[in-house]
Amino acid sequence: MANDKFTAIVVGAGPAGSTAALVLARAGHEVLLIEKGAVPGAKNMFGGRLYSHALNRIIPEFWERAPVERPVVRETLTLLHDGRSVSLNVRNLDWVSPPHHSFTLHRAEFDAWLASEAEEAGAMLACSIRVDDLLMENGRVIGIRAGEDEMFADVVIAADGVNSLLAQRAGLAGMASPRQVATGVKQIIELPSDVIRRRFQLEGNNGAAQLFVGDCTGGMQGGGFVYTNRESVSLGLVINANELRKTQRSLFELIEDFKMNPHIAPLLEGGDVGEYSAHLIPEAGLAMMPRVFGQGILVAGDAAGFALNLGYVVRGMDFAIASGEAAAKTVIQAKKHNDFSRRGLSFYQKYLRENFVLRDLAAYRRAPEFMENCRLFETYPDLITSLMAEVFTVSGSQPVHLFTKILSRVRQSRVSLAKLFIDGWRGATWL
Ligand SMILES: Cc1cc2nc3c(=O)[nH]c(=O)nc-3n(C[C@H](O)[C@H](O)[C@H](O)COP(=O)(O)OP(=O)(O)OC[C@H]3O[C@@H](n4cnc5c(N)ncnc54)[C@H](O)[C@@H]3O)c2cc1C
């Protein structure tokens, strides 16, 4: 390494940072991966499922080596309201065999493994170091400062997660507003694997993912989740931070209520809480994306706001991995021309477009606006669960045809047909 200067310093050994370090190290570059935790993943959390496609491109058949828990073969979306629930179940046995669609996993194990892949490829990993600031020269980032230490690089990759300190220090981003982020809270509930199999009706090591909308958030914008691991289930809530601010209720109370909901409690009965964690998740998509490259700096993963919540699909890990790869490819390209200026790093946008990150965020750019519609979290769960309860009730009273039942329930819900149509249209075309 010439003059103790790295080609890249990557800050944050989450999926974005470790992937960037891995791809750079494989290409033979000197890369330093810095993580503030004692080990990668020590404090990282997420709901529970990695969509495989992005990592499979970088580490083919990664599931053979990676610490994954279960391939997800069943997706369930459940509306909850006032003691009633309606579920949509999707089972696809194609997801059992390679190439698997998605896996549940634990971040502590997975992040440590991915960082070790980067190390094996030649990256230098330094843990228990919190980066405090960027080093600047003539308006260009030339390295980082951590306590008394200064380290230099051609380029710094900020993969330090949501509300990135480094993107803010570089003048590329501001603090996210409460409307743009959600607070996630999660418990890991330990249960024997045969109990999980029975309760979730799974065969072998297959897994299930279940998302909930309605009572679990007390009608606030957000939802609940349950993912099956080998010997535990991950259960939690994600609630828009702005909504949470307005309520008197704590996240702790909300998650305890969720666990006691009669539709959830039987799934957890006898389980012990093994872990409790909370974290922010970017929710505003393209609207909160900072400038993702500057003089000598690239921003990847949650630090760049690359995450998507469609209600039925929550993605962040695959965006983090793909943007880490795109950042690494950009550095490799810039090194060839020895140009780490804004212009030299502008390839980043091209790679982000080619590999789906910007394409998908653009395709779903109106999803965050759709999710702000409060009817989704109270009125519609009420309408649909009460209608379905009525449809399946036989009471000996005067028969009413389905169409009349629907109209009467819609009237009771006080949603005009026009609003219903507009919401339906937006849901179908924006999500
Ligand atoms: C409740 C919840 C549920 C979610 N569910 C899912 C899901 O099921 N599927 C999915 O795909 N996504 C999910 N996500 C989103 C996903 O977790 C993120 O998109 C993903 O973790 C982003 O990865 P990252 O590498 O960009 O950032 P992070 O995973 O946040 O990693 C950032 C790393 O940087 C380190 N760091 C931060 N600051 C510094 C510093 N100054 N110096 C050194 N190191 C630093 C941190 O310790 C951390 O290791 C969920 C998120 C939450 C909160």
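Every number for a ligand or one of its atoms is a count from 1 in the order of the listing. Please read all numbers here as calculations on a predicted model, not as lab measurements.
With a heavy-atom cut-off of 4.0 Å, Asn44 touches ligand 1 through its side chain alone. Looking at Pro15 against ligand 1, both its backbone and its side chain come within 4.0 Å, counting heavy atoms. Counting heavy atoms under 4.0 Å from ligand 1, residue Arg315 touches it through the backbone alone. Counting heavy atoms under 4.0 Å from ligand 1, residue Ala42 does not touch it at all. By the criterion of a heavy-atom distance under 4.0 Å, neither the backbone nor the side chain of Tyr51 is placed next to ligand 1. With a 4.0 Å cut-off on non-hydrogen atoms, Ile129 touches ligand 1 through its backbone and not its side chain.
Taking only nitrogen or oxygen atoms, main chain and side chain alike, Ala307 does not reach within less than 3.5 Å of ligand 1. Remark: ligand 1 and Asp302 share an N or O pair separated by less than 3.5 Å (distance only, no angle test). The distance criterion of under 3.5 Å between nitrogen or oxygen atoms is not met by Val162 with respect to ligand 1. For ligand 1, the polar-atom distance check finds no N/O of Val185 at less than 3.5 Å from any of the ligand's N/O atoms.
For atom 43 (C) of ligand 1, the closest heavy atom belonging to the protein is Lys36 N, 3.3 Å. Looking only at heavy atoms of the protein, atom 32 (C) of ligand 1 is closest to Ala159 O, 3.4 Å. Residue, atom and distance of the protein heavy atom nearest to atom 13 (C) of ligand 1 are Phe46 CD1, 3.8 Å. When only non-hydrogen protein atoms are considered, atom 35 (C) of ligand 1 lies nearest to Glu35 OE1, 3.3 Å. In terms of protein heavy atoms, atom 53 (C) of ligand 1 is closest to Leu280 O, 3.6 Å. The protein heavy-atom contact nearest to atom 25 (O) of ligand 1 is Ala16 N, 3.0 Å. Shortest contact from atom 11 (O) of ligand 1 to any protein heavy atom: Met317 N, 2.9 Å. Scanning the protein for heavy atoms near atom 27 (O) of ligand 1, the closest one is Gly161 CA, 3.8 Å.
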(request) Go through the steps to decide whether Arg179 and Glu372 satisfy the test salt bridge (charged side-chain N to carboxylate O under 4.0 Å, His left out), and finish with yes or no. (result) CA-CA 9 Å; Arg179 264 186 72 186; Glu372 286 181 1; 2.8 Å; yes
(message) Could you walk me through whether Arg198 and Glu269 satisfy the salt bridge (charged side-chain N to carboxylate O under 4.0 Å, His left out) test, starting with their C-alpha distance in whole Å, then the side-chain angles of each, then the deciding distance to 0.1 Å, before giving a yes or no?
(response) CA-CA 13 Å; Arg198 220 175 32 247; Glu269 201 187 324; over 6 Å; no
(message) Applying side-chain contact (heavy atoms from CB on, under 4.5 Å) to Phe293 and Thr330, what does each step give before you reach the verdict?
(response) CA-CA 10 Å; Phe293 59 95; Thr330 308; over 6 Å; no
(message) For Lys329 and Glu354: C-alpha separation, side-chain torsions, deciding distance, then whether salt bridge (charged side-chain N to carboxylate O under 4.0 Å, His left out) applies.
(response) CA-CA 12 Å; Lys329 283 162 88 174; Glu354 278 175 6; 5.2 Å; no
(request) Using the salt bridge (charged side-chain N to carboxylate O under 4.0 Å, His left out) rule, take Glu256 and Lys259 through it: C-alpha gap first, then chi angles, then the decisive distance, then the call. (result) CA-CA 5 Å; Glu256 288 304 314; Lys259 280 163 61 184; 3.4 Å; yes
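Within the 4.5 Å cutoff, the side chain of Arg291 has no heavy atoms near those of the Val299 side chain. For the pair Trp430 and Trp425, the minimum side-chain heavy-atom distance is 4.5 Å or more. Put simply, the side chain of Phe377 reaches to within 4.5 Å of the side chain of Val213, judged on heavy atoms.
Looking only at atom types and distance, the side chain of Glu117 has no donor-acceptor partner in the side chain of Ser18 under 3.5 Å away. With 3.5 Å as the limit, one finds no donor-acceptor pair spanning the side chains of Thr385 and His81.
Proximity of Gly236 to ligand 1 is not established, as no heavy-atom distance is less than 4.0 Å.
Ring planes of Trp95 and His101: parallel class, angle under 30° (limits at 30 and 60°).
By heavy-atom distance, the residue among Asp160, Ile281, Thr183, Ile321 lying nearest atom 50 (C) of ligand 1 is Ile281. Residue Gly47 holds the heavy atom nearest to atom 6 (C) of ligand 1 of all those in Gly47, Pro40, Ala209, Gly37. Residue nearest to atom 9 (N) of ligand 1, selected from Lys186, Arg49, Arg107: Arg49 (by heavy-atom distance). Considering each of Val131, Val181, Ile34, the one bringing a non-hydrogen atom nearest atom 42 (N) of ligand 1 is Val131.
Between the side chain of Gln221 and the main chain of Asn240, no donor-acceptor pair closer than 3.5 Å is present. Using a distance-only test at 3.5 Å, with no hydrogens or angles considered, a donor-acceptor pair links the side chain of Gln295 to the main chain of Arg342.
Each of Asn205, Ile196, Val72, Asn206 was scored for a side-chain contact (heavy atoms from CB on, under 4.5 Å) with Thr228, with one residue passing: Ile196. Applying side-chain contact (heavy atoms from CB on, under 4.5 Å) to Val131 and the options Val156, Val11, Asp149, Ile9 leaves one that passes, Val11.
Close approach of ligand 1 to Gly48 (heavy-atom distance below 4.0 Å) involves ligand atoms 8 (O). Residue Gly301 approaches ligand 1 through these ligand atoms, each under 4.0 Å from one of its heavy atoms: 26 (O). Of all atoms in ligand 1, listed by their number and element, those nearer than 4.0 Å to a heavy atom of Ala320 are 22 (C), 23 (O), 26 (O). Here is the list of ligand 1 atoms found below 4.0 Å of a heavy atom in Gly14: 25 (O), 31 (O), 33 (C), 49 (O).
Seen from the ring of Phe46, Arg107 counts as a face-on cation partner, given the 6.0 Å and 45° thresholds.
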